Number of protein chains: 2
Amino acid sequence: MTIGALGQATGVGAETIRYYERIELLPQPARTSGGYRVYRPEHVRRLNFIRRSRELGLSIDAVRELLSLASDRLRPCARVDRLVRDHIHDLDHKIEGLQKLRSALQRLADSCRGGGRVSECRILEALQEAEEALAGPDVECAEEDCAGRRASDKQPKPRRERRA
Amino acid sequence: MTIGALGQATGVGAETIRYYERIELLPQPARTSGGYRVYRPEHVRRLNFIRRSRELGLSIDAVRELLSLASDRLRPCARVDRLVRDHIHDLDHKIEGLQKLRSALQRLADSCRGGGRVSECRILEALQEAEEALAGPDVECAEEDCAGRRASDKQPKPRRERRA
DNA sequence: GCTAGACCTTGTAGCGACTACAGGGTCAAG
DNA sequence: CTTGACCCTGTAGTCGCTACAAGGTCTAGC
């Protein structure tokens, strides 16, 4: 089957399939004399595995690991279990963060009736003014994994203070 | 103050500040004769506004709009209110999607005790086998907004079927 | 055999919101 | 005048695709 047929069979776009091949998530298929990719049933199975894993929110690297684990049928499946449970934990953190965020925003929105002028808008005030205004139980940095976004954490060396 | 001092004052990294300047979220500051950026208190206020909005998960474009709205003190603040409420809705969708995902994964994890071998791992089976295995109440595609990932939706023209 | 046109090929650039370098220049304390 | 913390610009990388451009291949139907 061609790349289009594989796409139909799995619900994955052709460009995504080529992308998976480029990052070596899918093995290189055979080619016709004209250079067309020719896929076989095992490609369908592998790509379906990938799609389902991705739909569950697993990262490409996690999928890669799962595929490698799955290839050795005698290996204990504890690692598989671990991978999935870790991902559940990640999701829990993410969900919790978003819920905090949501209530902070809700508090913000509740403080504004929307009928006034910008000059007396509580939302804009809260964003402009002091830190505590909308700091519920510790919001900050809920979107994604937030890898080291806090530049203020690192405190390198005591330097003279410039005209601050 | 220099870019480093502004970073300290706001908790935003210097590289991010330069990035904000490049995308015109922060105005270009004055410069020393040597080319150093020189910031003033209004930059601190604006950058704090930006940081807080970002921490609440608002997109750069939303922040841009908020800043522009905030600059006209006589304008009605209905649009501000709308922007924030829309974002709350987005969050609701996101949270819901992640929760569905979580329960699908939990079901998966519950089916595996982690003590067996890969060959009898229910998790890997579920990822490999039929569609219904782990389709709880309609999972698919919860991460982010999932913009048109389903390639199988478009069904262009009836073409001859190749050797499929 | 030939044409039409659906399908395929490679390569590159873009998305959002940064982050991380490399290779150099500036600044102020001592 | 040296030291070295700090700053500059520019470019490339992150993640997981998606979209395009310019061209080549394939087969149904004539």
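No experiment lies behind these values; they were computed from the predicted model shown. In the text below, chain A, chain B and the rest are named by the order of the sequence lines, each starting its count at 1. Just so you know, these numbers use all the heavy atoms, side chains as well, and skip hydrogens, waters and symmetry mates.
Computed from coordinates, the B/E21 CD to C/dA17 C1' distance equals 17 Å when rounded to whole Å. Distance A/R51 CZ to D/dC17 P: 12 Å, rounded to the nearest Å. Counting to the nearest Å, the C1' atom of C/dT9 and the CG atom of A/L6 are 16 Å from each other. Distance A/L26 CG to D/dG16 C1': 14 Å, rounded to the nearest Å. Counting to the nearest Å, the P atom of D/dT18 and the CD1 atom of A/I23 are 12 Å from each other. Nucleotide D/dG16 holds its P atom 13 Å from the CD1 atom of A/I50, rounded to whole Å. One atom, CZ of B/R64, and another, C1' of C/dG16, lie 12 Å apart when rounded to the nearest Å. Atom pair B/Q8:CD and D/dA5:P shows a separation of 15 Å (rounding to whole Å applied).
When each of B/I3 and A/L58 is assigned the nucleotide of DNA chain D bearing its nearest heavy atom, the one mapping closer to the 5' terminus is B/I3. Comparing B/I60 and B/G35, the nucleotide of DNA chain C nearest to each residue sits closer to the 5' end for B/I60. With the nearest nucleotide of DNA chain D identified for both A/S33 and A/Y20, A/Y20 has the one nearer the 5' end.
In this structure, B/R82 CZ and B/E65 CD are separated by 11.0 Å, a value rounded to the nearest 0.5 Å. Once rounded to the nearest 0.5 Å, the distance linking NZ of A/K94 with CD1 of B/I95 reads 12.5 Å.
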Show me the protein contacts with nucleotides 19-23 of chain D, counting only N or O atoms at under 3.5 Å.
residue	atom	partner	partner atom	Å
D/dA19	N7	A/E15	OE1	2.7
D/dC20	N4	A/E15	OE2	2.9

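For A/R102, the salt bridge (Lys or Arg N to Asp or Glu O under 4.0 Å) test picks out B/D92, with sequence neighbours left out. Annotation: side-chain hydrogen bond (donor to acceptor under 3.5 Å, both in side chains) contacts of B/E15 (sequence neighbours excluded): none. Residues meeting the side chain to side chain contact (heavy atoms under 4.5 Å, CB included) test with A/T16, sequence neighbours left out: A/V12, A/Y20. Judged as a ring-ring contact (aromatic ring centres under 6.0 Å, His included), and not counting sequence neighbours, B/Y19 has no contacts.
A donor and an acceptor atom never sit less than 3.5 Å apart when one is taken from the side chain of A/Y36 and the other from the base of D/dC26. A donor-acceptor contact under 3.5 Å is not formed by the side chain of B/Y19 with the base of C/dG16.
At the phosphate of D/dC26, neither OP1 nor OP2 sits under 4.0 Å from any side-chain N or O atom of A/R31. Proximity of B/T32 to the phosphate of C/dC27: a side-chain N or O atom is located under 4.0 Å from OP1 or OP2. Here A/R37 reaches the OP1 or OP2 of C/dT10: one of its side-chain N or O atoms lies under 4.0 Å away. In terms of phosphate contacts, A/T2 brings a side-chain nitrogen or oxygen within less than 4.0 Å of OP1 or OP2 of C/dC8.
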Compile the donor-acceptor pairs under 3.5 Å between side chains in residues 66-77 of chain A and protein atoms, sequence neighbours left out, one pair per line.
residue	atom	partner	partner atom	Å
A/S71	OG	A/S68	O	2.6
A/D72	OD1	A/L74	N	3.2

